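To start, the structure under review is shown below, and the notes come after it.
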Amino acid sequence: MVFLKRMVWFSALLLLCGPLLVQLAGHPLGKPLKGWQPLPERDALSWENWAKGNWQSYTEEQARHQLKARPFLARLNNQLKYSLFGQLNSRHVIQGKNGNLYEEPYIRSYLGMDYQGEKSIAENVAMLKTINDSLEANGTHLLFVLSSGKASFMPEHFPPPYDTMAKHTSNYETYRKHLQQSGIPTLDLNQYLLDMKDTASYKLYTKGNTHWSAYALYAVTDTLLRKIEQMLGKDLPDYRYGPLVVESQARGLDDGIFQSLNLLWTTQKDEYAYRDIILEPTQLPGVYRPRVWAIGDSFYGTLMDAGIPHRFFDPNSLFLYYFNEVQTLDGRTYPLKEVEKQRREMENQDLILIFITEANIGDCCWGMTGAFHRMYHEKE
Amino acid sequence: MVFSSALFVFYFLPVFLLAYLATPPAYRNWTALAGSLAFYTWGAPIFVFVLIASSLADYYFARQIAQLYDSRQRRHWLGASIVLNLGLLGYFKYANFFVENVNELLATLGLEPMKWMAVALPVGISFFTFQKLSYVVDVYQRRMPALQHPVDVLLYIALFPQLIAGPIVRYHEIAEQLHHRRQNYHLDYRINGFFRFTIGLAKKLFIADVLGEAVQNGFQPDAVGVLSTPEAWIILIAYAFQIYFDFSAYSDMAIGLGKLMGFDFPENFNFPYISGSITEFWRRWHLTLSNWMRDYLYIPLGGNRRGASRTYFNLWMVFLLSGLWHGAAWSFVLWGAYHGLFLALERLFLGRWLEAAGKWISIPFTFLVVLMGWVFFRAESVELARAYYEALFSWRGGGWSFSSQFWFFFSLAAVISFAPALGGASYRLDSVYSSSTAPAILAKGAGSMVILVLCFSEVAVSGFHPFIYFRF
C-alpha cells in the first residue's frame, strides 16, 4: 500500500510539474491554436514598471499566453465546454440546428437588424455610380459582386432566439435594388446560389464554415468569369474541371469556423465535394489576363485561397482586403496607404471588383466609396 | 500573484514545491520564507518593506514583553504594537474613506475640501495585521513564548498560502509547527494537501468564476435598474454561492498548500448556508475571523460577563468592526451592523423561535437573512444596494437569460451548499478531506489528478480573476 501511495504522490507531483516540463522541453503540446495572436513585446523592466506592477501583470499574461502546453489545454477546455454545454469559444460564432455553425453578424444582417436605411444606401450607391461612370470614362470597368451569405442561404437552421424573429428589410436587399436601378454592373451570387439550392448535387454550404463550400466556389467562379468576359468583351483562359471527389472530412479551410473553435477533436464530418480547375495548356502563352483590383472581404479571400485570380488575372492584380490591407498574387501583404495618390494606378486596371457579402454590406465599402469619390470629385 | 493564475499554477508552485521538498527539513523554514517573500514582493513590491519592517518591530515588541515582568511596562510595549499595527491598517485602509467623508461634510458646510493623495492598499494587510496582533497579544497573555529568531516571526506573518486572504492563523495555533512539523512530512498528509488544493482550485475556477460573471453583469449600476425580479433573486443567490465558493476555495488552497509544506492551518468554513441562525452562521463562516474577533476583541471588551445590555453592545460592536474590517465603505459598516443586530435579536428571542421552528424553517430563514446582507456587501454603494433591494421587491416582470453552464454550476453549488443539511447539521467535510484510509487516499489522489488537469485547462484560457477577499 505504501508503494501505491508513493506512486500516487509522485504521479501527482509529476502532473503538477508537467506544464513546466513541457515548457522546458520547448515543444508545443498539441496542434497550434487558430486565431492565436502573440502578445506585443513587454516594456523593459524598470523600477517604475516594477513598482506599479505593470511589468508583473504583463509577465503573468505572457506566462499564460506563451505556455507550451496551452494548445492542448485550451483545446481540452473548449471541447469540454462544447460537449457539455454547447458553448463555443469563438467570437460571434453560434451553433444553429443540425450542427450548423453561423457567424452572428450574418444572421443579424439577414434579419435586417443592422439596417442602414434606404436613404443612406441610396446615397452610397449614387457615389458608386459616380465612381463607376468616371472609371468607365477612363476605360476601367467596375463590377459589384454581391457575394453569398450563409444566413440568407439557410435561415431554416437558425438557433434560438433568431429562429423565431421576424425578418425585416436588409441592407443586401436595398443595395441590390438600388444597384440594379443605378445601372452599375452587378453580379448577385447570393441569388445565384439560392436558385441552385434545391438542385445542387452537393452541399453549397457545409455545417462548419461561414463561407460557401468548395463545390459552390467552382460554380460562382464559373459565373464570375463568364460575367467578366462579357463585360470586358475578351476571352479569359479556358479551363476544365478535374474529376470530382467527395470526402467526409474537410480540406484546408472548408470547415473554417469549426476549426476556429479550437476543439480537441478537430474534424467535423460532412459532405465535401472537390475537384481541380485545370487550365487548358494550349492557351497558356500570351493568353489575355485582365488587370484586376478586387476590393473585398473573406469571400474573395476564398477565391484567392483557391488560386482563381492567380490563374485568370494578370500577375500584378491586387486584392485590397477590407480596403485596408493589400495582398499580391505572389503572396505579399502590406497595409493600404495613401489611396488617393493611386488613382492613376487604378485607372490602369481593366476591372475594379467590389466583392462584398451580406454581413459586410452595411459597411460598404470600408471607406472606399468616399475615398474614390473624393478622387474624382477633386479631379473634376 | 493569484493562486488561480497561470504564473502561480504552472511556474511558481511547482518550482517552490520542488525546492521546498528538496531542502533538508532543518532548513525548510528558510525556503518557505524566501518563497513567501518572493510571492508577496511580486504583487506588492513596495509594501513588502512595510510587511518586513512592521513584522520586525513586532518581533522586538514581543521580545520585550516576554522578558519583562512589570505589567505596566508590558502593557506599554503591547500598546506600542497595537498602535503600530492599527495605525498602519488605519492609514492604508481607512485614510481615504475618512478623508472622503470629511470632505463630504466640508462640502455640505460650504468649505474647501482637504487636499489628499489617495493611499494604495497593500494586499492582505487586513489579514496579516490580525496575525501580527495575535502574535504580540498571545505573547503578552503568556499563552505562548516569544519567537527567538526574527525569521520565525517573518515566516509566521508572511507564510504565502495564508498571507493574502487567510485563514487568519492565531499565533498559538501554529507556534509549535514553526519548528516541529516533521510528524506531518508523510505521504498521506501530502496527498490530502494536494487533494485539498485541487478542490479549492476547482471551486474557484468552475463555480465562483462562472457564477461571478453573471453576478458582475447583474450588479452593474445601469443593469440593476432593468433587472426583472426573478433575475435579481437568481443573481443574488448566485452571488451568495460565488462569495462562498470563492473565499472557501482560497481557504482550501491555503490549507492544502499548508499541508504540502507540513503545516496544519485551521478550517475557515463549515457549510455556512445550512446554518439555522445567524449565530450559527458565524460559527460556520470565516471561522478564523470569528475566532480572532472573539479572542482579541469580544472577550477583552468583557464578552457576556458584564450584563445583558453590555453583551448586546459588545456583540454589535464586534460585528460593526467586523464589517469595517472587510472594507472602508458605509455599505460594509451597514452589513456588519445588520449581522450584529440579528445576533442581538437571536439572544433576545429570535434564536429560541428558530430553534423551535425546526431546520426546514430556520435554514431558509437564515439564508434569506444572509442574502439580504450580501446586497450591502456586493453593492459598491448604499445607493446601489437600495436600487438592488428595489429590484428584488418591486415584482418587476420579465424572464432571465443564463447559459446552461451557469445553471449547471449554480445547481452544483446549491447541492454542495445545502446537501449536508439533509445529513444533519453536524456533518463536516473534514472527514472527507483528512481521511487517511488507503482507499480514500488512492481515490483522492486519482481524483485530484483528474481535477488538476481540468483546472489546468481552465487556467490556460481564463484571464485575471482575483479572489473577492483580496481587496480586504
Side-chain angles (χ1 to χ4, degrees), chain A residues 1-24 29-30 33 47-53 55-57 59-82 84-87 89 160-161 262 264, chain B residues 1-2 5-15 17-18 21 41-46 120 123 186-188 190-191 193-195 197-198 210 260 401 403-409 436-439 441-446 448-450 452-464:
Chain A
M1 192 49 73
V2 173
F3 173 75
L4 267 176
K5 285 182 181 177
R6 231 174 240 163
M7 287 292 290
V8 168
W9 168 241
F10 283 115
S11 306
L13 200 57
L14 189 67
L15 184 68
L16 188 67
C17 299
L20 183 65
L21 296 174
V22 172
Q23 198 71 13
L24 293 173
L29 194 66
L33 297 172
W47 173 249
E48 198 188 351
N49 276 339
W50 171 258
K52 285 183 178 168
W55 192 85
Q56 294 92 315
S57 302
T59 304
E60 290 204 24
E61 187 53 19
Q62 210 173 34
R64 183 171 70 87
H65 215 72
Q66 296 186 346
L67 191 73
K68 300 283 182 196
R70 189 164 183 249
F72 168 74
L73 293 172
R75 283 180 186 280
L76 172 66
N77 193 272
N78 292 341
Q79 185 71 55
L80 288 169
K81 286 177 184 167
Y82 176 68
L84 295 174
F85 308 114
Q87 191 180 311
N89 278 355
N262 286 317
L264 211 51
Chain B
M1 207 183 305
V2 181
S5 72
L7 189 71
F8 182 84
V9 172
F10 296 128
Y11 299 90
F12 181 88
L13 181 59
V15 170
L17 202 56
L18 290 177
L21 295 174
T41 306
W42 182 262
I46 305 288
V123 64
H186 56 84
L187 287 176
D188 292 359
R190 280 183 197 154
I191 293 170
F194 182 69
F195 177 66
F197 175 78
T198 55
V210 171
L260 287 168
S401 167
S403 67
S404 53
Q405 190 186 11
F406 170 89
W407 282 119
F408 178 81
F409 288 111
S436 290
T437 61
I441 287 288
L442 293 178
K444 279 191 276 188
S448 307
M449 284 188 264
V450 174
L452 188 65
V453 172
L454 298 179
C455 290
F456 276 172
S457 80
E458 187 63 26
V459 173
V461 298
S462 62
F464 179 64

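Here the structure is a predicted model, which is why all the values come from computation and not from measurement. Keep in mind that the numbers below use all heavy atoms, side chains included, and drop hydrogens, waters and symmetry copies. Residue numbers start from 1 in every chain, and the chains themselves are labelled A, B, ... in the order their sequence lines are given, proteins ahead of strands.
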Heavy-atom proximity to chain B below 4.5 Å, by part of [X]:
| X | result |
| --- | --- |
| A/Leu80 | side chain |
| A/Arg75 | neither |
| A/Lys52 | neither |
| A/Ser11 | both |
| A/Gln56 | both |

Using heavy-atom distances under 4.5 Å, tell me whether [X] contacts chain A through its side chain, its backbone, both, or neither.
| X | answer |
| --- | --- |
| B/Thr41 | both |
| B/Phe456 | both |
| B/Phe406 | neither |

For A/Leu16, run the side chain to side chain contact (heavy atoms under 4.5 Å, CB included) check against B/Leu260, B/Leu17, B/Val9 and tell me which one passes. B/Leu17

Picking from A/Leu15, A/Asn89, A/Leu76, which has the most non-hydrogen pairs under 4.5 angstrom with chain B? A/Leu15

Rounded to the nearest 0.5 Å, how far does [atom2] of [Y] lie from [atom1] of [X]?
| X | Y | atom1 | atom2 | result |
| --- | --- | --- | --- | --- |
| A/Asn77 | B/Ser462 | CG | OG | 8.0 Å |
| B/Ser5 | A/Arg64 | OG | CZ | 10.0 Å |
| B/Tyr11 | A/Cys17 | OH | SG | 13.0 Å |
| A/Thr59 | B/Leu7 | OG1 | CG | 8.0 Å |

For a 4.5 angstrom cut-off between non-hydrogen side-chain atoms, does [X] reach [Y]?
| X | Y | answer |
| --- | --- | --- |
| A/Trp9 | B/Ile441 | no |
| A/Arg6 | B/Leu187 | yes |
| B/Arg190 | A/Lys5 | no |
| A/Leu73 | B/Val461 | no |
| B/Phe10 | A/Leu20 | no |

